[in-house]
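Structure, as C-alpha cells:
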Amino acid sequence: MVLRSGGSELTRDQLSSEAAKVAGFLVAEGVSPGDRVAIYAANSPAWVVGYLGVIRAGACAVMMNPDYHSAEAEHILRDAEPKLVIADGARREIVSKLGFKAVPVEHLPRGEPPPMPALSPESPAAILYTSGTTGRPKGALLDHGNFLAQGRGALEVWRWTDKDVLVHALPLFHLHGLGMGLHGTLLGGGSAVLIPFTPEDVVRELTQGGGTMFFGVPSMYQRLCEWLEQNPTDLSHVRVFVCGSAPLPPALFERCAKLLGQPPVERYGITEGGIVVTNRYDGPRRPGRVGFPFPGVEVKLGEQGEVLLKGGQVFKGYWRNPEATKEAFTPDGWFKTGDVGEIGEDGSLAIRGRIKELIITGGFNVYPREVELVLEQHPAVHEVAVAGVPSEKWGEEVTAFVVPSGSKPPNEKEIIAFAHERLASYKCPKRVVMLDKLPRNAMGKVQRSLLGK
Ligand code: AMP
C-alpha cells in the first residue's frame, strides 16, 4: 500500500512506523486509551500520520472540519475536551486562543513506539460531528467495531482489492473520506492518491496516475462532467466511480454515463452508520435509487417512511448526550436516520428527503426532492433546491431556488407552469428565486436553512 500526495509517498510500513512514533509522543504527553485528541487541519499525508498515531495510542480521534471558524471550533473543543489538538497553520492560533494545547500537524513530535494498546471492538475510535443543519453539531461516537464493519463492507460491495488505486479528493474529517476512502485503502491493501479536488487533477490521476477508483459527491461529478465536455478523455479503464452524500440528479447520472464511460454507483450513508446502502457493482445502476444494504446492515422503514438502520456499522450513541442518543433510536434499537425512504419491489431503497425538510403548505406535506426532480428536467434549470419559506397564508410556501443553465434567466411563470403540468398543485412552487449558485457545505450538500436568507 502506498499513500501518495504531491511529490511524496508513504508505504504501508512507513505509515505504520511513523504512526507508532507519533503514538509514542502522545503517550509521553499523558494521552491514554479513551482520551480524545482532535485533528483540525486540511487533508495531507501528515493528517493521515497524525490520525493513525492517535489510533495507535489507543485514543479517540475527534474530527474537525478545517473550514470551521473559531466559534464552531469552540463548540467542538468544549464538547469533546481533547487533551491535545493536532492542527495546521492559523488553526493552531484559534486552538491556543480557546485555551487548548495545539501541536503542529506538519512537524508532529515523535517518541518511542509504545506497546500496542489493548483495544476491543467496543473501544471508541473517533468522534465525527454531524453537519448540524438543524441545531448544533452532535458528536457521533464510532467504535473500532463500527469502523471495521464499514471498511470491510466497502471492500466487498465495490470489489476493492490491493491492486486498486483510489483517487481520494474527499475531506478526511468526514466519514466518506475517512471511513470509506482511507480505511478501505488501509484494510484492502490498495493505494490512494490524496489530491485537492479539481477536475483536471482527478482526470490526470485517473489516466497518468493509474487511478482505478474515484469517490465523489454529486457537485464534484457535475464539475467533472463540465470539464470533460470541454476536454473529452477516455476513462473507460476506470474500474468504478462511486457517488453519494447528496442525491445524484438523474440527468447528471446520464451525463456521467456518457462522459465517464459508465454511470457512478450511487450509495447512501450517514455519519452515524457509515455508508450503509449502495447500488450493485454489477448493476443495474438505476438513477434515483440508492440500492441495497451493505453486508450485515438491516434497513427498514418506520413511521412516516423513516429509514431505520441496524447492524455492526451503526454507532451506539452521541458523545456525552444521552437525550439525543435516546431520541435517535427506536425502543427496539433501530437507528432513526431522519431520512424518508421508499423501498421498491426489487428491495432497493430510494431517498425522498429529510423529515425535517418536509414542507407543510396549506396542511399538505411536500418533500422538496420530489419537486426538485421535476424542475431539474426544465432545460433552463441548471440546478435547483426547493424549500419552505414561512408564509402567513400557507404556513410555508413551496419556493424553488434556481441556478439558470444559460445566461438568459428562465421565466418564473414558465417554471411554475412546467411544475403544474407534472405535479399536484399544492406541490408546485409559489415562487421561483434565481441564484448564481446554491449554498453547499464541504460535502456538497445544499444548506437549505440558508436559502431565502
Ligand atoms: P452525513 O451524516 O453528513 O454523511 O449526511 C448524511 C445525510 O446525507 C443522509 O441522512 C441523507 O440525508 C444524505 N445523503 C447521503 N447520501 C445520499 C444519497 N445518495 N441520496 C440522497 N441523500 C443522501
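Here the structure is a predicted model, which means the values were calculated and not measured. All ligand and atom numbering here is 1-based and tracks the order in the structure.
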[X] neighbourhood, listing ligand 1 atoms whose heavy-atom distance to it stays under 4.0 Å:
{"X": "H174", "result": "1 (P), 3 (O), 4 (O)"}
{"X": "D339", "result": "9 (C), 10 (O), 11 (C), 12 (O)"}
{"X": "I270", "result": "2 (O), 4 (O), 6 (C), 10 (O)"}
{"X": "T271", "result": "1 (P), 2 (O), 3 (O), 4 (O)"}
{"X": "E266", "result": "18 (C), 19 (N), 20 (N)"}
{"X": "R354", "result": "9 (C), 10 (O), 12 (O)"}

- Query: Looking at atom 8 (O) of ligand 1, what's its closest protein heavy atom, distance included?
  - Reply: K445 NZ, 3.0 Å

- Query: Considering only heavy atoms, which of G273, P218, G269 lies nearest to atom 6 (C) of ligand 1?
  - Reply: G269

- Quick one: does ligand 1 sit under 4.0 Å from the side chain of C243, the backbone, both or neither, non-hydrogen atoms only? neither

Lys/Arg-Asp/Glu bridge criterion (N-O < 4.0 Å) met for [X], [Y]:
{"X": "K437", "Y": "E383", "result": "no"}
{"X": "R431", "Y": "E412", "result": "no"}
{"X": "R352", "Y": "D339", "result": "no"}

Within a radius of less than 6.0 Å around [atom1] of [X], do more than 12 heavy atoms belonging to other residues, nucleotides or ligands occur?
{"X": "R152", "atom1": "CZ", "value": "no"}
{"X": "R320", "atom1": "CZ", "value": "yes"}
{"X": "W394", "atom1": "CH2", "value": "no"}

- Message: Under 6.0 Å from the ring centre and within 45 degrees of the ring axis: does the NZ or CZ of R285 meet both conditions for the six-membered ring of F253?
- Response: no

- Under 3.5 Å, N or O to N or O, is E272 touching ligand 1 that way? no

- Query: For S245, is at least one N or O under 3.5 Å away from an N or O on ligand 1?
  - Reply: yes

- Task: May I ask you to decide if the ring planes of Y51 and H183 are parallel, tilted or perpendicular, using 30° and 60° as cut-offs?
- Result: parallel

- Query: What orientation do F364 and Y426 show, parallel under 30°, tilted 30 to 60°, or perpendicular over 60°?
  - Reply: parallel

- Can you tell me if R267 has a non-hydrogen atom under 4.0 Å from ligand 1? yes

- Is ligand 1 less than 4.0 angstrom away from at least one heavy atom of R369? no

